[in-house]
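Structure, as structure tokens:
By convention in this document, chain letters (A, B, ...) are assigned in the order of the sequence lines, proteins followed by strands, and residues within each chain are numbered from 1.
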Amino acid sequence: MSRDPFEILEEQNPMPDDRTVYTPMDTAEKIMGRPHRRPWPGWALAGAVAAAVLIAGGAWLWWLGGDGGIEVAGSSTVPIAPESTTTSESGVVTTATTAPAGEPIDTVIYLYLDSTSDPEACPTLVPVHRTIAADAPMENTLAALLAGPTEDEAVSVPALSSAIPQGTRLLDIVVNHGIATIDLSAEFLGKAVTGYSTGSGTLYFYPEETARSCEDAAGYPLGQVVFTLTRLPNIDSVVFLVEGEAAGFVANPDLPVIVGSPLARDDFEYLLPAVMIETPVYGGSAGNPVVVQGTANVFEAVVSLALVDNDGLILWEGTTMASCGTGCRGDFEIAIPYDLTQARLGAVIAWEASAMDGSQTNVREHPVWLSASSSTDTCSGALAGNLLEQPDLPVAVADMREQIWQAAVVCDYDSLADLTSPDLFTYSFGGSGDPAAYWAQLEADGEEPMRFLAETLNLSFATTDAGDLGTAYVWPSAFAYPTWADVPQADRDMLATLYGQAAIGDWELFGSFIGYRIGITEDGEWIYYVAGD
Amino acid sequence: MTLYRLETAAASPEDRFRAVFSRHYEAVYRYAARRLGRDDAADAASEAFTVAWRKVQRIPDEPGTLPWLYAVTRNVVSNMERARRRRQRLAARASTAGDPPTMTADTGVIAALADLRAEDREILRLAAWEGLRPAEIGEVIGCSPNAAAIRLYRARRRLEEAMNETGGTP
């Protein structure tokens, strides 16, 4: 035997150590019998409030977008109004607000996120959602940045952290021709060497002694400020002052220092994860479809993505290409549609598939507030008014009517399907299968079957003979008349408000009402909701 | 600067468990995958950490943590292997479903390994695949470092003999 069998055995390792294994921290939380400690309570509430305001018709804008745009909740990016900036006589541009003072708006700050898979890895930048008062967006965004992570965020797994020393205050900020000059209090220097002077009063950052060798630790607080400010409109780079004096920084005292020159995002690429999600932001809201946008430096430029709900159910999984890969950082953007009946918490996960075995590496996960599917988002039933009392109905019929109405106004197709009478129910002439799918399709086509369903229940009703089923209560009463000519003018007027005059003309021509009608038997069986002849 | 989370003596059981999980999940998963195949590895790792959580106060400090976790995982894997064998007996016809996926490579050394006693097999795998030193092997299988070294030596001898018997050529 030429070789030691033990050596051969070592080579036959079926799961070598160089294969990356993703550590599912969720599992740890489940084992401990508690929900994954994500920083959700605070921002989830903010997301819900924001969504509620929008549903209520609030017209204020979600202030921030990725590249000079404004995100409108549940929607895509719209251009920033030019009025949002003002230019003073000195040519100094400052951002102004389009929202009334006091109204909360959304903004984004950059913190650091621990790696989920590698406890030794340096934390990397992550855009995090914040709600601020709208009176001074830039200053309030900076205040949120200086405040750092919330208590929840700091103890969540993975943890969010800030490299900006506590107690750092914003002294002044001026934006001029895309360059923000920010003056911070001396605390910003942290443990860095201070007081070093080149004769021009320049302060320097020196790298801190760190627990592990994260590259250029001195750049960490600067990167947060640069990324946060350059996400705002009209800011491309940042000049740092500390207590009014120009501040340079060096990672290494031997390196040349460029004092007072603007620092841009490109200067801090080393602070980014391999896959950086810029939108939706960590803890923010995702529209439907959600536009996932970011940068990546991954093998062959392939970015893998998944959208999951709070239970871990995968709503969407796939890949997209970055504009550059394998050694260079490229941009990626993809619109991901997903099917949700109601808004809930979830996560956007992006990763690099290992070139070796396809396993997930460089995973970046943003918890986000997912929106309901667009069909539900724009549920036509929501346009219906309140359900009117119809006291003459038998209890069983009134109950069914109310249940139908409640499901219709939120496009709850599944509940509606459950309410239908098995075998008897008619929803389409010629169609067969699932009424829920049929209505969902009509809604998607803009036909508004849910609005007609809800509003028809508010029209006057009539009773008809339903054979073995006894008496049927039908809406609208116009359907119970033998011909259109018999329909009273009051009913016609009601129908005209709902369907428009053109439809009235059609029925006149046809000779009877053939719009949407609803039938419920005296026992409370829902037997039809159908239109047409 | 709060960039680095350092373990402290005052850490809560939850934080301690998270730290252990985060640091050693990969190794535990790999250990299970090498013995059961990747399909069952995540289940085994979960099960092992569930046991670890129940005994969180007894998890030894580093560097003893991983060998202790291996010992826990070893029991979990043994249970799962027993359950798997029971299933296989019940579904004897599905004879090809028998081998763990990772063992299907019918090379000489793997066949020879399969012929050894379970304890020899485990000692060899711990040394060859997990890369443990005798002292750590002792912690996993519950014997002194010295005894582990001797058993490893004997197991290597027996592997060699088994290779010769099975006619395996390296």
Which pairs would a plain distance check flag for residues 148-156 of chain B, meaning a side-chain donor or acceptor within less than 3.5 Å of a matching protein atom at least two apart in sequence or in another chain?
{"from": "Arg151(B)", "atom 1": "NH1", "to": "Glu119(B)", "atom 2": "OE2", "distance (Å)": "3.1"}
{"from": "Tyr153(B)", "atom 1": "OH", "to": "Arg157(B)", "atom 2": "NH1", "distance (Å)": "3.2"}
{"from": "Arg156(B)", "atom 1": "NH2", "to": "Asp4(A)", "atom 2": "OD2", "distance (Å)": "2.6"}

Heavy-atom distance under 4.5 Å to chain A: side chain of [X], backbone, both or neither?
X	answer
Phe17(B)	side chain
Tyr29(B)	side chain
Ala52(B)	neither

**Request:** Considering only NZ, NE, NH1 and NH2 on the basic side and carboxylate oxygens on the acidic side, decide whether Asp183(A) and Arg169(A) come within less than 4.0 Å.
**Result:**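 A salt bridge is absent here (no side-chain N lies under 4.0 Å from a carboxylate O).
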**salt_bridge(Glu122(B), Arg117(B)) N-O dist < 4.0 Å** =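 A salt bridge is absent here (no side-chain N lies under 4.0 Å from a carboxylate O).
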**Prompt:** With Thr124(A), which residues qualify under side chain to side chain donor-acceptor pair (under 3.5 Å), at least two apart?
**Reply:**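 Thr124(A): side chain to side chain donor-acceptor pair (under 3.5 Å) contacts with Arg364(A).
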